[in-house]
Amino acid sequence: MKFESKVVHAGDRQKAGDFIPSTTPIYTASTYIYDSMAQLDRVFGREELGPSYARYDNPTTTALETLICQLENGAGALACSSGMAALHLAILGALIDRPKRMVAANIIYGASMKLLMNVFGPMGVETEFADPCDLAAFETAVRQTKPGAILVETVANPLLRVCEIDRIAAIAESANAVLIVDNTFATPVLMQPLELGAHMVVHSATKYLAGHGDVMGGVIVADQRNFEVLNSLSRTIGPIMSPFESYLTMRGIKTLALRVERQCSNASKVASWLATHPGVERVHFTGDPAHPDAATIARLFPKNLYGAMVAFELKGAGRDEVFRMMESLRMIVRGTSLGDVHTMMLYPPISSHRDVAPKHRERLGIRDNLVRLSIGIEAAEDIIADLDQALAR
Ligand SMILES: *Cc1c(COP(=O)(O)O)cnc(C)c1O
């Protein structure tokens, strides 16, 4: 099945007794009963698939996991209560029987950085940070660190850099390290990292997968070997997604391909318009032929889909001017999330990169005049009109 068909069919229409629901219902039961004790014994022993206790399995969540597993072409998937819970479990699973060392991309989601520094660090896990877009430097960091796991993002926030996942996977393979890829920004519509050699893919389902600003969730998709470990850990720790969120995420994913296509096409229009605006100093967009990673994007992304995140720098602006511009937005939502059906604008220095020291932000190229847009599915004309009136203030 093609991707567009999988999103509406995979995981659904499982037999429940002697009928088949056309969409998966929300199962709220915490325990599951079988007529035969021998069968219950097999289910507890995981010799037979089936729910027994909701920390282990839930039919609604299992349906979502089946769906996302097929979208990312993995061996198994786990839905978690948040993107961070998913990433925590992924790193824990990767390191549990491997050296307690990590190499991570130097630009990653703020909470992911905190997870490595403030949670895994004090537990004895050392992390070396390196630029994944500089393959030689990244490979050197891996050679020197000999990590148990490597963490990179497919599209790095907020400057939207894209690294060569397949080449990093080869580096990971030769170093015997698990490659964990956070694919939240690209979505499986643009990239399927397991196909490129990654071992685990993590998503914040809160973003594009659920897509409507009403779900907190995360998923991990893994190859066979790593999935077994993750599944056992999940059953013990219990960082699981609730059946309500699983239902909403699955419902959201049904339009994922449609939404992302529209968001990407809107983003191309908005980025082109911004590039011609006299008040805009610089636009960062993965569809720009002058993007520093244009060759990688051409090689790894599908044709004509470049992602739906656009960052731009306001000419001669500082924090006050950015605040004023954002306060005058009428339709675009001043939100700290991304990937929703509505367009959102975020100011990295007070949100995603709040805890990064101003000097270090500057070094990363995140200046005080930078804002980030997550483009929605509205009419591109309306997004542009709102930006136009806000930029005129
Ligand atoms: C939002 C986000 C996360 C964390 O996900 P939550 O659902 O907020 O826990 C991780 N990585 C990236 C790239 C994100 O955008």
Side-chain angles (χ1 to χ4, degrees), residues 61 64 68 72 77-92 102 104-120 127 129 132 149-163 165 179-191 193 198 200-221 234 237 239-242 244-246 248-249 252-253 256 260 263 286 307-311 333 335-340 344-348 351-356 364 366 372-375:
T61 303
L64 168 66
I68 187 76
E72 287 283 11
L78 287 166
C80 299
S81 54
S82 68
M84 291 317 300
L87 187 61
H88 178 257
L89 182 64
I91 295 172
L92 196 64
M102 298 271 309
N106 58 345
I107 301 186
I108 51 172
Y109 184 70
S112 307
M113 182 76 85
K114 277 193 194 165
L115 178 66
L116 291 170
M117 304 301 290
N118 304 350
V119 179
F120 282 104
T127 302
F129 293 95
I150 296 172
L151 172 65
V152 298
E153 298 179 356
T154 38
V155 181
N157 185 40
L159 296 175
L160 313 176
R161 297 294 306 268
V162 180
C163 62
I165 295 292
L179 175 60
I180 305 170
V181 176
D182 182 333
N183 198 27
T184 301
F185 272 48
T187 81
V189 180
L190 300 188
M191 212 192 276
M200 296 185 196
V201 170
V202 171
H203 283 273
S204 166
T206 314
K207 317 292 172 53
Y208 285 101
L209 295 186
H212 294 71
D214 53 6
V215 168
M216 176 58 57
V219 295
I220 315 177
V221 190
S234 173
I237 304 170
I240 53 171
M241 189 183 276
S242 97
F244 292 97
E245 269 69 21
S246 298
L248 280 175
T249 304
I253 289 176
L256 178 69
V260 170
Q263 285 162 323
T286 36
M309 304 298 296
V310 180
V333 178
T336 186
S337 191
L338 63 116
D340 288 334
M344 281 192 275
M345 190 186 282
L346 160 145
Y347 185 41
S351 50
S352 58
H353 293 73
R354 191 184 183 92
D355 296 332
V356 181
L364 294 174
I366 303 162
R372 188 199 78 189
L373 277 167
S374 163
I375 304 292

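The structure displayed is predicted, hence computed values, not measured ones. Both counts, for ligands and for their atoms, begin at 1 and track the order of listing.
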(message) Using only atom types and a distance under 3.5 Å, with no angle test, would you say the side chain of Q263 pairs donor to acceptor with the backbone of D340?
(response) yes
(message) For residues 149-163, which residue pairs pass the salt bridge (charged side-chain N to carboxylate O under 4.0 Å, His left out) check, not counting sequence neighbours?
(response) R161-D293
Show me the short polar-atom pairs for ligand 1: any N or O of it lying under 3.5 Å from a protein N or O, with distances only.
residue	atom	partner	partner atom	Å
ligand 1	5 (O)	S204	OG	3.0
ligand 1	7 (O)	G83	N	2.9
ligand 1	7 (O)	S204	OG	2.8
ligand 1	7 (O)	T206	OG1	2.7
ligand 1	9 (O)	G83	N	3.0
ligand 1	9 (O)	M84	N	2.9
ligand 1	11 (N)	D182	OD2	2.6
ligand 1	15 (O)	K207	NZ	2.8

(message) I'd like to check the ring-ring contact (aromatic ring centres under 6.0 Å, His included) partners of F129; sequence neighbours left out, ordered by chain and number.
(response) none
(request) Enter the distance from E245:CD to I240:CD1 here, rounded to the nearest 0.5 Å. (result) 11.5 Å
(message) Please report the interatomic distance CE(M84) to OG(S112), rounded to the nearest 0.5 Å.
(response) 4.0 Å
(request) Go through the structure and list residues passing side-chain hydrogen bond (donor to acceptor under 3.5 Å, both in side chains) with N157, not counting sequence neighbours. (result) R372
